[in-house]
Amino acid sequence: MNQFITYPATVFKKSTTPQFQSKDEILAIEMPVALVYNGISHTVMMCTPSDLEDFAMGFSLTEGIIDKPTDIYGLDIVENCHGIEIQIELATRCFVRLKELRRTLTGRTGCGICGSEQLEQVTKKLPKLDRTLLFDITLLDSCLSEIYNAQMLGKATGSTHAAAFFDITGKLLAIREDVGRHVALDKLLGWHAKNHKPQGFVLVTSRASYEMVQKVATCGVEMLAAISAGTELAVKIAQETDLTLIGFAREGRATIYTGMERLQIADVENE
């Protein structure tokens with residue numbers, strides 16, 4: 001399915017002679033995607049229609065609907081006149097748990113808790129992460145360059161977020177894009193789970209809000225870096241789970257909120 005369309009627009013340019021010019025603009029597609037578990041619709045999110053199997057896997061994991069990829073027995077993507085249904089066949093024990101935790105969400109771009117029925121559903125208690133990761137933070141510059149170069153949809157439309165996974169050497173292993181930052185991250189974490197959870201970290205082109213931290217920690221990833229700021233609740237959850245959280249990732253600098261023990265600076269020769 002197409003991720004974008006071409007739309008005829010008018011561009012204003014202020015120059016020596018201000019003028020209007022016709023131009024074909026590329027727009028990212030945003031459409032409703034329903035996740036249906038064992039025949040019962042659970043949530044509708046607004047998404048870019050790509051990597052939807054990864055999205056279903058990542059969402060199911062980060063929402064605690066499943067514990068592992070094999071809890072999903074089957075998955076079908078069905079298009080209809082209103083959008084897309086992802087029909088998921090779930091293990092019985094997971095479906096029983098889902099019914100107990102059931103909530104109805106109406107997803108919107110940039111919204112992570114739409115429709116939550118109880119405040120306690122917003123945050124959840126997570127176990128502490130392992131401390132197996134050690135990353136040379138001087139490699140972050142090259143990771144930033146790679147994530148920007150790899151954003152094909154973002155460069156074409158200027159309206160999407162990206163989430164990328166890098167190994168400890170700074171090699172880009174995967175990137176996922178979407179109009180919603182949470183959805184882009186769910187897609188990436190779905191890829192991560194299906195590929196046997198390689199060691200590394202997540203870099204996102206958005207702020208580090210509590211939902212982003214919670215999703216990453218739920219999937220056992222030990223480090224999250226964001227190009228924008230962290231929030232107070234995000235930092236609190238990062239502290240509670242022993243996540244390494246980095247904000248304001250820019251060329252030549254970064255703000256480390258938590259988890260300094262996983263970071264090192266490569267040895268340099270004394271001049």
Does A266 offer a backbone N or O that forms a donor-acceptor pair with the side chain of D136 under 3.5 Å?
yes

Of all heavy-atom pairs linking A208 and A234, the shortest is O-CB, 3.1 Å

Is the number of heavy atoms from other residues, nucleotides or ligands under 6.0 Å of K171 NZ greater than 12?
no

How long is the span from the CG atom in D178 to the CD1 atom in I29, to the nearest 0.5 Å?
11.5 Å

Check for me, please, whether V96 and I66 land in the same ILVMFWY cluster - side-chain distances under 4.5 Å, paths through other members count.
no

For T255 and F248, indicate whether the former's side chain and the latter's backbone hold a donor-acceptor pair under 3.5 Å.
no

Once rounded to the nearest 0.5 Å, what's the spacing between atom CZ of R176 and atom OG1 of T160?
13.5 Å

Side chains of V183 and F55 in contact at under 4.5 Å (non-hydrogen atoms):
yes

With a 3.5 Å distance limit and no angle check, can you tell me whether K155 reaches the backbone of N149 through a side-chain donor-acceptor pair?
yes

For the NZ atom on K13, are there more than 12 heavy atoms of other groups (residues, nucleotides or ligands in this structure) within a distance under 6.0 Å?
no

Relative to the ring of H192, is the ring of F165 parallel (under 30°), tilted (30 to 60°) or perpendicular (over 60°)?
tilted

What distance do L35 atom CG and S41 atom OG have between them, rounded to the nearest 0.5 Å?
8.0 Å

Look at the side chain of T48 and the backbone N and O of S50, then say whether any donor-acceptor pair between them is shorter than 3.5 Å.
no

Let's go through F59 and H42 carefully: what are the C-alpha distance in whole Å and the side-chain angles of both, what is the deciding distance for side-chain contact (heavy atoms from CB on, under 4.5 Å) to 0.1 Å, and is it a yes or a no?
CA-CA 11 Å; F59 180 89; H42 173 65; 4.0 Å; yes

Steps toward salt bridge (charged side-chain N to carboxylate O under 4.0 Å, His left out) verdict (K187, D51)
CA-CA 7 Å; K187 289 178 177 179; D51 302 303; 5.1 Å; no

Go through the steps for L243 and V216 under the test side-chain contact (heavy atoms from CB on, under 4.5 Å), then give the verdict.
CA-CA 9 Å; L243 177 81; V216 168; 3.9 Å; yes

Using 0.5 Å steps for rounding, measure from the CG atom of L98 to the CD1 atom of I65.
5.0 Å

For L90, is there any backbone N or O sitting under 3.5 Å from a side-chain donor or acceptor partner on N38?
yes

Check R181 with D186, please: is the shortest side-chain N to carboxylate O separation under 4.0 Å?
no

Pair S60, Y37: side-chain N/O donor-acceptor within cut-off below 3.5 Å:
yes

Hydrophobic cluster identity match, I84 and I72, side-chain contacts under 4.5 Å
yes

Can you confirm whether L75 sits close enough to Q87 that some side-chain heavy atom of one is under 4.5 Å from a side-chain heavy atom of the other?
no

Measuring only between side-chain heavy atoms, which start at C-beta, is Q264 closer than 4.5 Å to F135?
no

Over all heavy atoms of both residues, which pair between P8 and D24 is shortest? Give the atoms and the distance, please.
CA-OD1, 3.7 Å

F166 vs M223 side-chain heavy atoms within contact, under 4.5 Å
no

Cluster check Y73, V36: I/L/V/M/F/W/Y, side chain < 4.5 angstrom
no

How about L188 and D54: do any of their side-chain heavy atoms sit closer than 4.5 Å?
no

Do the side chain of N80 and the main chain of H82 share a donor and acceptor less than 3.5 angstrom apart?
yes

Please say yes or no: joined through hydrophobic side-chain contacts below 4.5 Å, possibly via intermediate residues, are L126 and L189 part of one cluster?
no

Look at E222 together with R262 and state whether they make a salt bridge at an N to O cut-off of under 4.0 Å.
yes

Can a salt bridge be assigned to the pair K23 and E25 using a cut-off of 4.0 Å between side-chain N and carboxylate O?
yes

Might you point out which heavy atoms bring V204 and L185 nearest each other, and give the distance in Å?
CG1-CD1, 4.4 Å

Before giving the answer on side-chain contact (heavy atoms from CB on, under 4.5 Å), spell out for M31 and M1 the whole-Å C-alpha distance, their side-chain angles and the decisive distance to 0.1 Å.
CA-CA 11 Å; M31 65 190 308; M1 180 173 290; 3.7 Å; yes

Got a donor-acceptor contact below 3.5 angstrom from the D130 side chain to the T132 backbone?
no

Sub-3.5 Å donor-acceptor pair from the side chain of Y7 to the main-chain atoms of L27, do we have one?
no

Please check: side-chain N/O of D71 versus main-chain N/O of K68, any donor-acceptor pairing under 3.5 Å?
yes

Side chains of I168 and L139 in contact at under 4.5 Å (non-hydrogen atoms):
no

Under 4.0 Å between a side-chain nitrogen and a carboxylate oxygen: does that hold for R253 and D141?
no

List for me each residue that meets side-chain contact (heavy atoms from CB on, under 4.5 Å) alongside I40, sequence neighbours excluded, and say none if there are none.
F95, R102

When rounded to the nearest 0.5 Å, the distance separating CD1 of I5 from OG1 of T157 is 11.5 Å

Do you know the tightest heavy-atom contact between V213 and A238?
CG1-N, 3.9 Å

In short, A193 meets L61 closest at the heavy-atom pair CB-CD1, 3.3 Å

Restricting to non-hydrogen atoms, name the atom on P198 and the atom on W191 that form the minimum distance, rounded to 0.1 Å.
CG-CH2, 3.9 Å

In the structure I gave you, are the side-chain heavy atoms of M212 and S206 within less than 4.5 Å of one another anywhere?
yes

Strictly distance-based, threshold 3.5 Å: is any side-chain N or O of E177 a donor or acceptor partner for the main-chain N or O of G154?
yes

Other residues, nucleotides, ligands: >12 heavy atoms within 6.0 Å of E251 CD
no

Stepwise side-chain contact (heavy atoms from CB on, under 4.5 Å) test for T244 and L133:
CA-CA 10 Å; T244 296; L133 183 74; 6.0 Å; no

Point-to-point distance, once rounded to the nearest 0.5 Å, from OG of S209 to CD of Q214
10.0 Å

Using side-chain heavy atoms (C-beta onward) and a distance below 4.5 Å, is Q21 in contact with T10?
no

Give the cluster check for Y148 versus L172: same hydrophobic cluster or not, with ILVMFWY residues linked at side-chain heavy-atom distances below 4.5 Å.
yes

